[in-house]
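Okay, so here's the structure we're looking at.
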Amino acid sequence: MPAVCLIASPETWIEGEALRQLEQTAALPGMRAAVGLPDLHPGKGYPIGAAFLAELVYPALVGNDIGCGMALWQTDQPTHKFKPERAAARLTGLEGPWDGDLEHWRRAQGLASTAFDSALGTIGGGNHFAEVQAVEEILDSDTFAALELDKDRLLLLIHSGSRGLGESVLRAVIDTQGHRGLEPDSAPARAYLKQHDQALHWADANRRLIATRLLDALSLEAERRLDVWHNLVQPVDWAGERLWLHRKGAAPADRGPIVIPGSRGTLSYLVQPGTNNDVSLRSLAHGAGRKWKRGEARGRLSARQRPEDLKKTALGGQVICEDKELLYDEAPEAYKGVDRVVADLVDAGLCRIIATLRPVLTYKVRLPAHKQPGVRKPKRGRR
DNA sequence: ATGTGC
């Protein structure tokens, strides 16, 4: 069994189930190294917040949301002029298909048509979000300036992925190959990797269109400063050997600065990865990491917090989320403390903090049409 | 995570 490395201080909460998953995954055939990052938590069979180096390609390790990641945009909006309530009122209809010229836009992005075209520009559910943020504190002004960031302008952080496309890519390979590792040069691996790469590109474009839609709705201009995948597999040169690096909820430490978001009720961190992060498989935490399982938060919180209470955060931010279950599931209490998670990375010498970012307005989801009061789904199969 | 299910 290869070395299993856990990057976390004793104060960081790591669930036993997550550690079991990390060890079990590390014991798979062809596995060369496994790393749990401080946001490690249990997933469906495989842990989230982890990186794996292997001789084989394991589609199941990447999971269904291939290409999920974070994009950061610098807007032209002066922070002190922003009116969250007014902005919130303008952010509607982002769950449905974009009303622009989607086909023209898709071609311009170099994206092939898929069955999921109409999902382009949609955030999705779970932990996905679009968040307007203010710069809280700058700790490394040179790197901050080199990124062409301005402390007095609002930022837009997008967390989303490949929606139904990635799910269909994973399902297709699992249906024929199961969860086994694929020989990199085999036909199934080649077919998967081709679709995987397409899903990466699709997810990147999706985040771009999500940003465009929000910015248009708010009449803002912005420029993209970074876009970083945290669910992917890629070939790497490892001490002269060609191996496959799987990241499942693990941000790359070899693609420049990244944002490690906290929850909507805490600061997020803009960090500069160090220059030699091989010990963590060239990876960093991708967020705070869940502390409570999905579906657990409502029972724990509903006695002390009403849904309305959850729409204002401890830092004064506003939350747009009309799905009650999701409102609880994504409550700040459901997450580990991002301060501790980032401190673990810094203490391990893996990155340094460039700046902290404060959530101002977090967009999760408006009520889907079929859940709106008085709206019923049309019956099917009758005329 | 997911056109999530009848």
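Lettering of chains follows the sequences in order, A, B, ..., and the numbering in each one begins at 1.
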Give every residue pair that meets the salt bridge (charged side-chain N to carboxylate O under 4.0 Å, His left out) criterion with at least one member in residues 115-126 of chain A, sequence neighbours excluded. A:R106-A:D117
Geometric cation-pi criterion A:R300 and A:W292, 6.0 Å radius, 45° cone: yes
Let me know the distance between NE2 of A:H159 and P of B:dA1, rounded to the nearest Å. 6 Å
For residues 120-127 of chain A, which side-chain N or O atoms pair as donor and acceptor with protein atoms under 3.5 Å away, sequence neighbours left out?
{"from": "A:T122", "atom 1": "OG1", "to": "A:A119", "atom 2": "O", "distance (Å)": "2.6"}
{"from": "A:T122", "atom 1": "OG1", "to": "A:R163", "atom 2": "NE", "distance (Å)": "2.8"}
{"from": "A:T122", "atom 1": "OG1", "to": "A:R163", "atom 2": "NH2", "distance (Å)": "3.3"}

Interatomic distance where CD1 belongs to A:I174 and P belongs to B:dT2 [whole Å]: 17 Å
Base, sugar-phosphate or nothing for A:G125? Non-hydrogen atoms, less than 4.0 Å. sugar-phosphate
Base, sugar-phosphate or nothing for A:R171? Non-hydrogen atoms, less than 4.0 Å. nothing
Under 4.0 Å, heavy atoms only, any strand: does A:G126 hit a base, just the sugar-phosphate, or nothing? sugar-phosphate
In whole angstrom, give the distance that lies between atom CD of A:E325 and atom P of B:dA1. 14 Å
Interatomic distance, A:K44 NZ vs B:dT2 P [rounded to whole Å]: 13 Å
How many Å lie between OH on A:Y46 and P on B:dA1, as a whole number? 18 Å
Can you confirm whether the side chains of A:Q24 and A:Y46 place a donor and an acceptor under 3.5 Å from each other? no
Base of B:dA1 paired with side chain of A:N64 (donor-acceptor, under 3.5 Å): yes
Round to a whole Å and report the spacing from CZ of A:R294 to P of B:dT2. 9 Å
Would you mind reading off the distance between A:H196 atom NE2 and B:dA1 atom C1', rounded to a whole angstrom? 15 Å
Would you indicate what A:A115 reaches in the nucleic acid, counting non-hydrogen atoms under 4.0 angstrom: base, sugar-phosphate, or nothing? base
Whole angstrom is fine here: how far is it from NE2 in A:H128 over to C1' in B:dT4? 14 Å
